[in-house]
Amino acid sequence: MRLGFILILFVGVGIAGFSGYLVMQEFNRLNQQITGLKREAAKVVPTREVFIANEELAYGRPIEKEKLKRVMWPEKLLPEGFFDDEETLFGTEDQPLQRLVIKAMDAGDLILASKVTQPGQDAGIVSRLGIGLRAFTLKVDVSNGSFIRPGDLVDVFWTGRDRGETATRLILDGVELIAINSDTETGSRVVGSNQVARTITVAVPPETVARLVQAQASGKLVVSLRGIGDTESAGEIRVDQSDFLGIEEQVEEEVQKVEECFTIVRRGTESIRQQIPCSQ
């Protein structure tokens, strides 16, 4: 009886081992097949190994190897300024290069020359100004400056006296923030997650700077955060108290006065009032 039990046990173990072997063989076969398909696909669509962000990269932070990874990217979809060489991006052990983030990136974003500094360059505001643009800082209330960071698009609204009444106007449409200054920061960089902003800095033409100076001196400025990829113009917006309360303007109709002439006709004891043409 014991001998039969042992034989059954050995047979079961043998079957299980053989089944595991077959499964492993099938797994290896499928893995080789997938690798072959990837190679064939690479032949059809030319790709290049490039660097992308492996996690969120905040403005002002240094570029570090452990926060990046290499992936195969279709060559036709690669924009200008990508990095495919580690030495170009990080330098060598003898001469390491330090680059800083000047445009916040999410995980999966390509590392581009336009998003990082040149080796050894400071990630200051000047590095983010385009030709013909000026940096201008706006004061923002804590209540309306929440959850913004460099790279976000915002609309700027002005509230003040307009045409003898209090009104709110859209004065800046879809402008990009290049820096913010928050409660937890002493400089104009944000190096962590979203912060509550005290001031924001935008890059605008000199004429717009003059308009913003007047707006800030004559009223209150409020920022409104836009969604990702929303670049459509909002058009002209103006709201006053009547618009807010839904009061329709009452137009007084001019009433034309018509002159009427009458005469009194007596019939016995009865007096009758009759209308007659008025003499010119």
Side-chain angles (χ1 to χ4, degrees), residues 24-125 127-133 147-154 173-179 189-194 203 225-233:
M24 184 61 68
Q25 289 293 102
E26 182 65 16
F27 177 78
N28 290 335
R29 186 185 68 82
L30 291 175
N31 194 31
Q32 291 176 359
Q33 186 176 2
I34 292 173
T35 303
L37 291 174
K38 287 183 178 179
R39 291 174 181 174
E40 292 297 325
K43 293 179 182 179
V44 176
V45 180
T47 58
R48 181 175 293 190
E49 192 175 36
V50 295
F51 286 96
I52 67 170
N54 196 33
E55 59 184 77
E56 182 181 348
L57 302 178
Y59 176 77
R61 286 292 190 182
I63 296 291
E64 301 172 347
K65 291 182 182 181
E66 57 269 21
K67 295 182 179 180
L68 308 183
K69 67 178 180 180
R70 288 178 173 268
V71 297
M72 301 303 297
W73 202 282
E75 289 187 357
K76 291 185 177 181
L77 300 181
L78 283 173
E80 185 178 354
F82 64 88
F83 290 94
D84 60 353
D85 179 60
E86 183 174 327
E87 186 173 327
T88 303
L89 187 56
F90 298 107
T92 62
E93 293 184 1
D94 297 332
Q95 294 181 335
L97 303 178
Q98 185 181 53
R99 298 176 184 268
L100 303 178
V101 178
I102 58 175
K103 188 170 186 179
M105 290 176 273
D106 295 323
D109 287 351
L110 275 170
I111 306 300
L112 302 175
S114 60
K115 297 181 179 181
V116 298
T117 64
Q118 293 296 322
Q121 182 184 11
D122 178 50
I125 295 177
S127 63
R128 306 200 64 190
L129 290 177
I131 298 175
L133 298 180
F147 309 119
I148 57 177
R149 61 182 182 179
D152 287 340
L153 296 179
V154 297
D173 189 5
V175 65
E176 181 181 357
L177 303 183
I178 61 174
R189 305 181 195 173
V190 169
V191 294
S193 58
N194 297 342
L225 180 63
R226 282 196 170 205
I228 298 175
D230 183 6
T231 58
E232 185 177 353
S233 175

Requested in this report: Report, as yes or no, whether the 6.0 Å neighbourhood of atom CD on Q95 holds more than 12 heavy atoms from other residues, nucleotides or ligands.
Outcome: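 Atom CD in Q95 is not crowded, with 12 or fewer foreign heavy atoms closer than 6.0 Å.
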Query raised in the report: For atom CD of E66, is the number of surrounding heavy atoms from other residues, nucleotides or ligands below 6.0 Å larger than 12?
Result: yes
Could you tell me whether the side chain of [Y] reaches within less than 4.5 Å of the side chain of [X], counting heavy atoms only?
X	Y	answer
L97	F90	no
N54	L68	no
I52	K69	yes
M105	V116	yes

In Å, rounded to the nearest 0.5 Å, how long is the span from [atom1] of [X] to [atom2] of [Y]?
X	Y	atom1	atom2	value
L57	I102	CG	CD1	13.0 Å
K67	I111	NZ	CD1	11.0 Å
L30	Q25	CG	CD	11.5 Å
K65	F51	NZ	CZ	8.0 Å
I63	T117	CD1	OG1	8.0 Å
E55	D109	CD	CG	12.5 Å

Which heavy atom of [X] sits nearest to which heavy atom of [Y], and what is that distance?
X	Y	value
A203	I178	CB-CG2, 4.1 Å
L112	P79	CD2-CG, 3.7 Å
R48	L78	CB-CD1, 4.1 Å
V101	A58	CB-O, 3.4 Å

Query raised in the report: Quick one: does R99's side chain have a donor or acceptor within less than 3.5 Å of a partner on Q118's backbone?
Result: no
